[in-house]
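For reference, the structure is listed below as structure tokens.
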There are 2 protein chains.
Amino acid sequence: MGQAATIKDVAQHAGCGVATVSRVLNNTGPASAEMRERVLAAVDALDFQFSEVGRSLQSNTTRTIGCVVPSIENPVYADAVQGAQEVFLNAGYQMLLICTNYNSEIETNAIRTLVAKQVDGVLLTVADAKNSEGLDLIKSRQLPHSLLFNEAPDGEISWSVGDHAAAALVADKFAENNHRHTGFLALNFLNSDRARQRYEGFVEGCANNSMTPPALLEVDDDGLDLTDHLKVFLQDHPDLTGIFASNDFLALATIRSARNLFIKVPQELSIVGFDGIKVGLMVEPSLATIETAPRDLGAGASQTILSLINGTSPPEKPSKNQTFSFRAGGSLMPLRAESKDGGKVAALPPSDDPTHKTAKIQQERST
Amino acid sequence: MGQAATIKDVAQHAGCGVATVSRVLNNTGPASAEMRERVLAAVDALDFQFSEVGRSLQSNTTRTIGCVVPSIENPVYADAVQGAQEVFLNAGYQMLLICTNYNSEIETNAIRTLVAKQVDGVLLTVADAKNSEGLDLIKSRQLPHSLLFNEAPDGEISWSVGDHAAAALVADKFAENNHRHTGFLALNFLNSDRARQRYEGFVEGCANNSMTPPALLEVDDDGLDLTDHLKVFLQDHPDLTGIFASNDFLALATIRSARNLFIKVPQELSIVGFDGIKVGLMVEPSLATIETAPRDLGAGASQTILSLINGTSPPEKPSKNQTFSFRAGGSLMPLRAESKDGGKVAALPPSDDPTHKTAKIQQERST
DNA sequence: TTTACTTGTGGAAACGTTTCCATAGGGAGT
DNA sequence: ACTCCCTATGGAAACGTTTCCACAAGTAAA
């Protein structure tokens, strides 16, 4: 009832020394049958359970892993975290979770705390893996760790999506569908090395396909309404026929904003997302996107950490190109093949006036 | 570099006793300016950081809170967990997260582990609050805790949605829209006291509105395809015009299944969900649902736990009726007012043959 | 000068474990 | 009867802290 029983209480109740209790309960070392019984009876009577704190102090091990991610409101991270948590739990480890909200100060503090708590390992997604105070701390303490979703700097292990290659594939898909003028939409560009990787990959892919370099639209508010941003963006780039959003939520928000502007997706504007969250399959039109397996990445990174701890050989990481695939969807539609001179393009099911779109925008704006 | 420095190393480096180091670093008790400086220099030189394990043992406090939820793949829990985590972090507490996957054995073990880890408090959603081994353990240890989403048994604190009242409100909304024959769709009915509450509330609400008692469809697989289930269900209940799904994911799955069966939502079948996840706003038609604020619940429950720990007065819980609201959406559509004798009903925008739907199903089945 | 009280300091106990070591008893081999 | 080696057991040290207490030295009041 009152204070929790300790091993001393058990020893006293069983009429033996604490060493004996420890040996019996941990099955380490000899004990007579009678003693064994007395100890177990005492445990039962006192409802005794070992204190992990005492154990940790003695064993210099906490069986706890720290996990740092930006936010679990994003299902990509939520899935990864859950996958990780399951692996850890099966291995007898618990997981300390800290969400940084994309704030690198919180990130640094979080890691400092985890180190102080003597976690046995750390699984983390940092804002910028090449420049992270927290990551440096972990390295200097030689803590077993793995990055997640970050591009791995030299000497670091990271379970991540091949952002660069995946984004290039998106460019290929736009090209296959005869899109030449595209835009790239990013949120928190500065705070995420992932978004930058995707942008660079997309730029490169566009170049490889002889497309116009993508126009960049960077938004910074987290609000779901991109309507105003999109309106201005499309006015500035009237010949744009497709947008690659750096994640699926942005893509879905873009579709809704387009709807607000009376722009038909995909007839007048094609959208491709990134991540492959389930929701993309539920919307109309379904979202064309890069499909990834966050859960597997989380699980793999966790296993890597465990093998770092145990000194066993880590699981094979998938090759960059196995970390993603293109998911076709209704939000990406072929354009009529363009003329070689790069003239105007039109949607395949002949839409009305190709200038329709911008007209709508201007008309809306004039109200 | 090698092993982490301890307070002894610092003391030795600074040429003083450990007590002095502790006093300086914690600003507890006196110390000469010169000593202070020497200690700080030593800390810097050795890159010293307190071990929380040693501290925990001494202070009998871990500044760690355990959190047990079924899964964070469901955004309802993810949001709640994130809200909780933020509150805890601000108060200087870390959060140990365990997902049970709706498995009560894992749930019990998880709680046992948390108790052994000496967490200072527990935030948890259990399968069945009236009958939970883990919850009993927490109570017997007198650990500060709060339930989350569970209906609170006697003497327990829970931050939860008024499931019963909310479900009754759904019945009201169906009634307002002239639906009389409805169904209730549940997943994991046995494993969730929430689903049962919602069912009971809906049954009561239907009765209050003189509607037919809702037909019950219980599915147990987690697969996203309900098509077969839905087909049989609608065959068994041909006059059914609306379905209340016990959560939004089920509702969305139902809409897609209906689409597979060539049943138009909402013209031929209205759907209402529960939870109010954001995705519901992104689909076409938008999902009518019960809107809840999981993040606030998580934050509130966390604050309650903190005040239990500190002995301060806990935050006010919202009254049952403030925990939810009805979110109108395109998936619920009015029917033409029915005749008093309870005859056939028809969708308000005159749809074709009212038997159309079942006909479609039979037709599809015959292929 | 004595007394009394402050400030600065370090030793040591305590927190709950595990594990090393010592000891006691007993059986088997000489 | 002696040694040798098992099994069973308990004492005590160690892990990294905090904190109680004792002590020394200095200062102010008597």
Side-chain angles (χ1 to χ4, degrees), chain A residues 2-40 42-43 46-64 92 113-120 141, chain B residues 2-40 42-43 46-64 92 113-120 141:
Chain A
Q3 284 309 303
T6 76
I7 197 173
K8 273 183 201 159
D9 301 319
V10 176
Q12 194 168 358
H13 192 283
C16 65
V18 292
T20 304
V21 176
S22 175
R23 272 191 303 259
V24 167
L25 261 29
N26 294 308
N27 249 318
T28 158
S32 68
E34 191 233 348
M35 192 77 262
R36 221 170 268 282
E37 202 159 318
R38 292 220 313 267
V39 168
L40 293 179
V43 165
L46 301 174
D47 196 18
F48 171 76
Q49 206 176 353
F50 278 123
S51 157
E52 287 299 325
V53 175
R55 284 186 144 169
S56 293
L57 183 57
Q58 146 71 28
S59 65
N60 203 28
T61 224
T62 55
R63 297 201 83 80
T64 302
T113 304
L114 292 176
V115 170
K117 287 232 167 175
Q118 318 255 82
V119 294
D120 294 339
R141 298 269 173 168
Chain B
Q3 284 310 304
T6 75
I7 196 174
K8 274 184 203 160
D9 302 320
V10 177
Q12 193 167 359
H13 192 283
C16 67
V18 292
T20 303
V21 177
S22 175
R23 273 191 302 259
V24 169
L25 261 28
N26 295 307
N27 248 317
T28 159
S32 67
E34 190 234 349
M35 193 77 263
R36 222 170 268 282
E37 202 159 320
R38 292 221 312 266
V39 168
L40 293 178
V43 165
L46 300 174
D47 197 18
F48 170 76
Q49 205 176 356
F50 278 122
S51 156
E52 287 299 325
V53 175
R55 283 186 145 171
S56 293
L57 183 58
Q58 147 71 28
S59 65
N60 203 29
T61 224
T62 56
R63 298 201 82 80
T64 303
T113 305
L114 292 175
V115 170
K117 286 231 167 174
Q118 318 255 83
V119 293
D120 294 339
R141 299 269 173 171

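Lettering of chains follows the sequences in order, A, B, ..., and the numbering in each one begins at 1.
- Nucleic acid contact for B:Q118: none, since no nucleic acid atom lies under 4.0 Å from a heavy atom of the residue.
- Of all nucleotides in DNA chain D having an atom under 4.0 Å from a heavy atom of chain A, the first and last in 5' to 3' order are D:dA8 to D:dG16.
- Put simply, the side chain of A:S22 never gets that close to the backbone of A:V18: no donor and acceptor are under 3.5 Å apart.
- For the pair A:T64 (side chain) and A:T62 (backbone), a donor-acceptor distance under 3.5 Å is present.
- Across all strands shown, A:S22 has heavy atoms under 4.0 Å from base atoms, whether or not it also approaches the sugar-phosphate.
- Position along DNA chain C of the nearest nucleotide to B:P30 versus B:Q58 favours B:P30 as the more 5'-ward residue.
- Summarising the geometry of A:R38 relative to A:G15, their closest heavy-atom pair is NH2-O, 3.2 Å, with the distance given to 0.1 Å.
- At the heavy-atom level, B:A31 lies under 4.0 Å from the strands shown only through sugar-phosphate atoms.
- Note on A:G54: a base of the nucleic acid sits closer than 4.0 angstrom, heavy atoms only.
- Side-chain contact between A:M35 and A:C16 is present, with at least one heavy-atom pair separated by less than 4.5 Å.
- Residue B:Q12 qualifies as open at atom CD: its count of foreign heavy atoms under 6.0 Å is 12 or below.
- The residue among B:R23 and B:L57 whose nearest nucleotide of DNA chain D lies closer to the 5′ end is B:L57.
- Within 4.0 Å (heavy atoms only), B:Q49 reaches sugar-phosphate atoms of the nucleic acid but no base atom.
- The minimum heavy-atom distance linking A:G29 with A:R36 is given by the pair O-NH2, 4.5 Å.
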